[in-house]
Amino acid sequence: MRGKLLFIAGAALGYVLGSRAGRARYEQIKTVSGKVWNSNGVQKSVHDVEGFVQDRTPDVADFLGEQTKKVVRKVSSKASSNKGSQIS
């Protein structure tokens with residue numbers, strides 16, 4: 001899904017930037033895209049995604065915090081074991 005959205009956005013941007021139709025065509029594309037963005041369906045989807053992200057943010061933050069602690073412990077234990085095995 002994310003790949004499709006990025007492709008569509010890239011294609012639209014490429015068309016707008018590469019269009020030789022001039023300012024009038026650009027304004028037409030801008031008007032249509034504004035209408036699509038402000039349509040009820042798109043705004044409902046945007047609201048749903050915002051709610052989903054807000055609901056999941058604490059879970060992701062906790063997960064990242066735990067994973068970071070694991071990595072730090074692992075690196076610290078390897079560093080301390082390497083110090084002990086070095087010959088002075």
Side-chain angles (χ1 to χ4, degrees):
M1 178 75 171
R2 181 176 176 220
K4 287 181 183 179
L5 290 175
L6 288 174
F7 176 78
I8 291 169
L13 181 63
Y15 180 77
V16 169
L17 294 177
S19 177
R20 295 183 184 202
R23 184 76 179 175
R25 182 68 177 148
Y26 169 77
E27 290 298 330
Q28 183 184 17
I29 292 168
K30 185 177 165 185
T31 301
V32 170
S33 64
K35 287 179 183 177
V36 170
W37 177 254
N38 292 318
S39 70
N40 290 335
V42 171
Q43 288 304 308
K44 182 185 179 309
S45 297
V46 168
H47 180 71
D48 292 346
V49 169
E50 286 175 343
F52 176 80
V53 169
Q54 287 176 352
D55 290 344
R56 297 292 184 220
T57 299
D59 297 337
V60 172
D62 291 342
F63 175 78
L64 289 175
E66 289 300 317
Q67 296 304 313
T68 302
K69 289 176 187 176
K70 286 180 184 179
V71 169
V72 168
R73 282 188 216 117
K74 195 172 196 176
V75 169
S76 296
S77 68
K78 282 190 177 191
S80 64
S81 67
N82 285 342
K83 283 183 181 179
S85 64
Q86 290 178 347
I87 300 174
S88 300

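Here the structure is a predicted model, which means the values were calculated and not measured.
Every residue two or more places apart in sequence or in another chain that forms a side chain to side chain contact (heavy atoms under 4.5 Å, CB included) with Q67 is listed here: F63, K70. For E27, the salt bridge (Lys or Arg N to Asp or Glu O under 4.0 Å) test picks out R23, with sequence neighbours left out. When the side-chain hydrogen bond (donor to acceptor under 3.5 Å, both in side chains) test is applied to E66, no partner is found at least two apart in sequence or on another chain.
Atom CD1 of residue I29 and atom CG of residue L13 lie 10.5 Å apart, to the nearest 0.5 angstrom.
Closest approach of V42 and V36 over heavy atoms only: CG2-O, 3.3 Å.
V71 shares a hydrophobic cluster with V75; the chain of contacts runs through ILVMFWY side chains whose heavy atoms sit under 4.5 Å apart.
Screening residues 52-61 for salt bridge (Lys or Arg N to Asp or Glu O under 4.0 Å), with sequence neighbours left out, gives R56-D59. Residues in residues 29-46 take part in these side chain to side chain donor-acceptor pair (under 3.5 Å) pairs, two or more places apart or across chains: K44-D48.
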